[in-house]
Amino acid sequence: MSKYFPSDFEEKWAAQWVEDGLFQQTFEQTGITPDPPSHKATEGRGNKMYLLYAFAYPSGSGLHVGHVEPLTALDIMARYYRSIGKKVFFPVGWDAFGLPAENYAIQTGIPPVKTTKDAINTFSRQIKRIGVSYDWGAEIATCHPGYYKWTQWLFLQLYKKKLAYKKDAPVNWCPSCQTVLANEQVVEGTCERCGTDVVQKKMEQWFFKITQYMDELISGLGSLDWPKATKLQQLNWIGKSEGVTTTFKVQDMDIEMSVFDSVPQTYMAQTFTIIAPEHPLVYELVKGTDREEEVMAFVERVKKKKASGSFDFEKDLEGIFTGKYLEYPLAGDRKLPIWVASFAVYEYGTGIVNCSAHDDRDFIFAKKYGIPLHPVMHPEDPDEATKVMSLEYCYHHEHEGIIEEPLPFKGRRWGEVRSDIIDYLESTPYGRRDTNYKLRDWLISRQRYWGAPIPIVYDPEGNAHMVKEEHLPWMLPTDVDFKPTGESPLRLSKEFNERVEKLYGKGWTPEYDTMDTFVDSSWYYLRFTDPRNEQEFARTEAMKKWMPVDFYMIGPEHIVLHLLYSRFFTKFLRDEGYLSVDEPFAKMRHQGMILGPDHRKMSKSKGNVINPDDVINEYGADTLRMYEMFLGPIDQDKPWNVESVQGQYRFLKRVWKMFEGIKGSKDQKIKRSKDQEDKVKGKTQLVSLLHRTIKKVGDDIEQLKFNTAIATIMEFLNMWERQISNSKTQMSISDARKFLKILSPFAPFMTEELWRNQLGEKESIHMAPWPQVDESLLQKSTIIVPVQVNGKVRGRVDIGVNDEEDIVVEQALKDETIIKFIPEKTYKKVIYIKGKILNIIV
RNA sequence: GGCCGAGUGGUGAAAUUGGCAUACACGCAACACUUAAAAUGUUGUGGGCGCAAGCUCGUGCGGGUUCAAGUCCCGCCUCGGCCACCA
């Protein structure tokens with residue numbers, strides 16, 4: 001047998017597995033008869049295990065070490081769950097539409113179809129090279145007409161239910177990408193992709209009415225096994241808040257204004273009203289008055305500042321008086337001056353707020369412009385109360401204080417009075433209980449080429465009609481120019497325009513926009529269950545068989561958008577009768593980021609990028625996999641260490657060497673002669689450790705603790721080598737086989753090579769069952785227990801596992817080093833935690 | 001500003017969930033093999049004191065609970081992530 005050269009066999013086995021179809025066609029088992037539930041099942045419904053890694057965008061630069069970590073983790077799970085008898089479904093697909101390919105086309109003129117195909121080929125090759133046991137038979141790509149046909153179908157279903165609608169709305173526009181961006185794609189006022197300042201623009205846009213499902217998107221989180229932080233972020237994003245909406249008349253005008261307030265306790269403190277600069281009512285208020293010019297100039301200035309992204313609410317806290325007053329009969333004949341204020345948010349609530357002394361921003365604003373304030377709550381300390389009432393500082397409404405007004409509630413506590421005040425406001429003609437959300441409907445229109453065309457056509461009067469289902473897939477035209485013009489590229493396609501007139505009539509025109517790629521990627525896990533179906537997006541039985549996804553691994557960057565959208569689609573399709581699950585992803589975790597050796601995020605400009613191909617060329621794919629899994633906990637950010645990689649290579653070489661000695665040796669019965677006693681003892685110890693290792697590796701994989709699983713395997717190898725050199729004890733072949741098997745999910749290539757060539761097995765190691773743990777071997781008969789005196793470890797005793805306290809104490813008191821610390825030879829108290837520790841208190 | 005997470009050797013990190021702190025690995029040092037290097041192997045490796053057995057301090061800082069705290073409680077400090085004008 002030659003030395004360990006991974007390049008000798010890794011690619012051979014990768015090709016062989018594909019040829020033998022080892023991990024293939026699981027989706028075809030989609031079945032009609034569900035499998036009987038397994039007792040081994042710890043996750044998943046019955047015996048199925050749907051494993052999913054976030055839909056990858058096939059970028060031109062190829063696979064990154066950051067992809068290798070989650071891919072390997074899922075692959076380990078896939079191989080492990082298969083060997084304990086689960087039906088594993090582990091499909092692969094490509095989130096293939098999107099801006100980078102189109103931007104590249106703008107630069108080079110190479111069509112996105114071509115670059116995307118190349119990129120997918122590169123990714124596929126690399127993923128196969130690291131041995132990911134994907135089911136390639138279920139491969140899908142969102143840019144394929146066979147896929148986007150159903151994305152368009154989904155759009156039409158939403159349209160039929162009025163959950164897809166068109167509206168003229170101010171949108172975020174990126175001047176560089178020449179496209180509309182969703183709120184979520186605007187980062188600090190700049191475009192998420194190119195960093196250009198985003199501007200506001202009004203356009204007719206298509207929306208999905210995700211807000212229809214807001215309450216269920218909140219309540220559904222309860223049942224999910226997701227990281228706590230992720231759930232919280234979703235909650236914050238939806239931003240539900242309950243309160244009161246009150247409506248009042250503007251003095252001397254025929255205008256009513258509504259305001260939302262989630263802190264209605266302040267209502268008697270409210271002394272002025274602010275309105276967002278973007279609000280159309282601003283113009284109505286000042287139109288034709290002597291304030292019109294000044295106010296509208298202010299509005300323009302603030303809007304521009306906000307659009308540029310440089311708006312800072314503390315620095316730019318400013319406003320202007322409209323000259324109008326809001327009638328406020330809740331406080332007698334009080335009139336609230338109406339101000340346009342830079343910090344009022346048009347998109348939230350009604351865009352109009354009544355302000356009081358009990359809010360930091362309101363307080364600062366009022367002080368700045370000399371607007372009177374009227375505090376109604378104060379602290380219990382009388383000195384402090386005087387300061388608050390004389391407006392020395394803002395006593396924030398989140399503090400627990402004593403209510404002064406309204407009089408019927410006087411003397412009660414702030415937090416406790418809230419509900420009663422809402423009831424009171426509801427009993428007046430002005431208020432009603434109300435709920436507000438931060439979540440907006442989902443803007444899906446994109447003035448872009450490389451996406452799924454929106455399946456809508458317009459008649460000559462401009463009315464929207466659905467593209468007929470028999471015309472799906474509504475093909476993306478190819479005769480387009482990629483130069484950005486601010487128009488949708490599809491507008492200039494001759495074929496596209498002619499197609500519509502031919503199919504629908506003279507003067508009919510297509511919708512030129514394409515869909516946000518998040519639409520494509522928010523239902524792909526359903527298509528996987530029935531990827532070649534041409535009649536339906538997926539058969540109901542197929543989805544019933546596999547859904548929900550049992551384990552989903554995605555990067556933390558997808559916490560908000562992708563997950564909310566996917567949950568929305570799932571709930572919609574359930575309501576339409578296609579699906580029987582409420583939530584798509586039962587269990588989810590996030591992989592951490594692999595940082596550069598300098599502990600910073602990898603990037604070309606920093607020159608700290610590690611290329612997985614280089615690592616494979618030097619050490620092989622097994623080493624790369626082992627290293628990334630050994631680095632640390634999967635959900636944590638971890639720096640790459642160039643030198644540490646060799647540690648894994650060294651370990652694999654040692655394993656390889658061990659199996660050199662195995663070939664040809666037979667399982668021998670060791671004679672129980674005197675000189676053989678060491679051997680027997682060593683062998684017993686080794687076998688016992690092997691079974692503990694098998695158990696721990698399995699447990700660790702199920703808990704995603706891949707780093708400690710590997711450490712455990714290493715400990716076993718250390719022991720194995722020591723036994724060979726100390727007592728000349730070799731393990732039996734059947735035990736060596738078990739060892740190889742538990743290593744095989746981590747290092748699939750080397751273990752396969754040794755399994756077949758060294759152990760002479762005919763079937764792949766990856767089809768072999770996980771070794772059974774012999775529970776009787778897990779028990780040790782004697783253990784070493786640390787002995788503490790007054791809480792400090794002073795010695796150890798060797799005792800039987802089941803020995804009771806008095807025996808252990810007796811043993812401990814025989815030990816000279818221990819007795820040294822018990823000068824009086826007596827003790828007050830003894831604490832013995834069975835098998836763990838003995839503490840003697842003197 | 002809000003929410004979440006994290007601080008353990010020279011480095012990446014373990015710690016059966018309150019029970020021997022530093023498993024496993026990297027690095028480093030010495031030795032063996034070698035003409036030499038690489039590779040490999042052996043031994044050592046938290047700080048201080050000591051020839052040594054051993055003692056003592058030690059998980060960001062300060063307190064507390066407990067027979068026992070990296071782990072639980074209270075108060076700080078530092079770093080990272082996300083959201084940030086949401087009334």
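- Nucleotide B:A15 holds its C1' atom 14 Å from the CD atom of A:Gln703, rounded to whole Å.
- Between A:His599 and B:G12, a side-chain N or O to OP1/OP2 separation shorter than 4.0 Å is present.
- Taking the six-membered ring for Trp, A:Tyr627 and A:Trp640 have ring centres closer than 6.0 Å.
- Of the candidate nucleotides B:G19, B:A13, B:C3, B:A13 has the atom nearest to the side chain of A:Lys638.
- Protein atom CG of A:Leu561 is 13 Å distant from nucleotide atom C1' of B:C82, rounded to whole Å.
- Contacts of A:Lys836 with the nucleic acid, taken as non-hydrogen atoms under 4.0 Å apart, involve only primed sugar atoms and P, OP1 or OP2.
- Relative to the six-membered ring of A:Tyr328, A:Arg334 misses at least one condition, a distance below 6.0 Å or an angle of at most 45° to the axis.
- Side chain of A:Arg440 to main chain of A:Lys438: a donor-acceptor pair is present (N/O by atom type, distance under 3.5 Å, no hydrogens or angles).
- If you take atom C1' in B:G63 and the same atom in B:G9, they sit 27 Å apart, rounded to whole Å.
- Nucleotide B:A39 is matched to nothing when pairs are restricted to Watson-Crick or G-U wobble geometry with both distances under 3.5 angstrom.
- Distances from the side chain of A:Ser262 to the nucleotides B:C55, B:C3, B:A87 place B:A87 closest.
- Annotation: side chain of A:Met257 is in contact with side chain of A:Leu281 (closest heavy-atom distance under 4.5 Å).
- Residue-level contact check: A:Ala341 touches neither bases nor backbone, having no heavy atom under 4.0 Å from any strand.
- Under a cut-off of 6.0 angstrom, the local environment of OH in A:Tyr369 is crowded, with over 12 non-hydrogen atoms contributed by other residues, nucleotides or ligands.
- Base orientation of B:U17: syn, since the glycosidic angle falls within 90° of 0.
- Separating the C1' atom of B:G19 from that of B:A69 is a span of 10 Å, rounded to the nearest Å.
- A:Ile841 comes within 4.0 angstrom of sugar-phosphate atoms only, judged by non-hydrogen atoms across all strands, and of no base.
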Heavy-atom contacts, protein to nucleotides 22-30 of chain B, under 4.0 Å, summarised as B (base), S (sugar-phosphate only) or - (none) per nt, yield -BBSSS---

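- Following rounding to the nearest Å, A:Ile724 (CD1) and B:G41 (P) show an atom-to-atom distance of 14 Å.
- B:C20 atom C1' lies 11 Å from atom CD1 of A:Ile784, rounded to whole Å.
- Under the Watson-Crick and G-U wobble criteria, each requiring two contacts below 3.5 Å, nucleotide B:G2 is paired to B:C82.
- Set against B:G5, B:A84, B:A13, the side chain of A:Lys228 has B:G5 as its closest nucleotide.
- Residue A:Lys653 places at least one side-chain N or O closer than 4.0 Å to OP1 or OP2 of B:U40.
- Pair assignment for B:G50: none, as no Watson-Crick or G-U wobble contacts are both less than 3.5 Å.
- Remark: the separation of the C1' atoms in B:U65 and B:G18 is 12 Å, to the nearest Å.
- Considering only the side chain of A:Gln636, B:A13 comes nearest among B:A15, B:A87, B:A13.
- Heavy-atom distances to RNA chain B give each of A:Lys705 and A:Val353 a nearest nucleotide, and the one nearer the 5′ end belongs to A:Lys705.
- Residue A:Phe821 is the one, among A:Phe821 and A:Phe343, whose nearest nucleotide of RNA chain B lies closer to the 5' end (criterion: closest heavy atom).
- Following rounding to the nearest Å, A:Gln788 (CD) and B:U66 (P) show an atom-to-atom distance of 17 Å.
- Atom C1' of nucleotide B:A68 and atom NZ of A:Lys828 are separated by 15 Å, given to the nearest angstrom.
- To the nearest whole angstrom, the two C1' atoms, one in B:A32 and one in B:A37, are 16 Å apart.
- B:A15 sits 16 Å from B:A68 when the C1' atoms are compared, rounded to a whole Å.
- Within the structure, every side-chain polar atom (N or O) of A:Lys657 is placed at least 4.0 Å from both OP1 and OP2 of B:A39.
- When side chains are defined from C-beta on, A:Phe272 counts as touching A:Phe365, because their heavy atoms get closer than 4.5 Å.
- Taking syn as a glycosidic angle within 90° of 0, B:G81 does not qualify and is anti.
- Across all strands shown, the partner of B:C26 is B:G10, judged by Watson-Crick or G-U wobble contacts whose two distances both fall under 3.5 Å.
- A 4.5 Å side-chain heavy-atom check between A:Asn608 and A:Leu595 finds every atom pair outside the cut-off.
- Of the candidates B:C57, B:C3, B:A87, B:C57 carries the atom nearest the A:Lys792 side chain, counting heavy atoms from C-beta on.
- Rounded to whole Å, the C1' atom of B:A6 lies 13 Å from the corresponding atom of B:G70.
- For A:Leu232, the listed nucleotide lying nearest its side chain is B:C3; candidates were B:C57, B:C20, B:C3.
- Using a 4.0 Å heavy-atom distance criterion, A:Phe365 is classed as making no nucleic acid contact.
- Distance CG (A:Leu595) to C1' (B:A13): 15 Å, rounded to an integer number of Å.
- For A:Leu631, whose side chain is taken as the heavy atoms from C-beta onward, the closest listed nucleotide among B:C67, B:C20, B:G12 is B:G12.
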Let's go through A:Asp798 and A:Arg796 carefully: what are the C-alpha distance in whole Å and the side-chain angles of both, what is the deciding distance for salt bridge (Lys or Arg N to Asp or Glu O under 4.0 Å) to 0.1 Å, and is it a yes or a no? CA-CA 7 Å; A:Asp798 202 343; A:Arg796 286 169 185 81; over 6 Å; no

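- Pair check for B:C33 finds none; no Watson-Crick or G-U wobble contact set falls under 3.5 Å.
- The P atoms of B:A23 and B:A14 are separated by 13 Å, rounded to the nearest whole Å.
- Classification of the A:Tyr649-A:Tyr4 ring pair by plane angle, with boundaries at 30° and 60°, yields tilted.
- Nucleic acid contact class of A:Asp261 (heavy atoms, under 4.0 Å, all strands): sugar-phosphate only.
- Using a 4.0 Å heavy-atom distance criterion, A:Pro633 is classed as a sugar-phosphate-only contact.
- Of the side-chain N and O atoms in A:Ser241, one or more sit less than 4.0 angstrom from OP1 or OP2 of B:A87.
- Rounded to an integer number of Å, the gap from NZ of A:Lys438 to C1' of B:A87 is 11 Å.
- B:A87 makes up no base pair with any nucleotide shown, lacking Watson-Crick or G-U wobble contacts both under 3.5 Å.
- B:A38 and B:C28 are spaced 11 Å apart, taking the P atom of each and rounding to whole Å.
- With a cut-off of 3.5 Å on both pairing distances, the Watson-Crick or G-U wobble partner of B:C61 is B:G75.
- Within the 4.0 angstrom heavy-atom criterion, no nucleotide atom of any strand lies near A:Arg692.
- In a base pair of the Watson-Crick type (N1 to N3 plus N6-O4 or O6-N4) or a G-U wobble (N1-O2 and O6-N3), with each distance short of 3.5 Å, B:C20 is matched with no nucleotide.
- Taken from CG in A:Asp362 to CG in A:Asp360, the straight-line distance is 9.0 Å, to the nearest 0.5 Å.
- A:Tyr346 pairs by the ring-ring contact (aromatic ring centres under 6.0 Å, His included) definition with A:His279, not counting sequence neighbours.
- Shown here for A:Val785 and A:Tyr832, the closest heavy-atom pair between the two residues is CG1-CE1, 4.2 Å.
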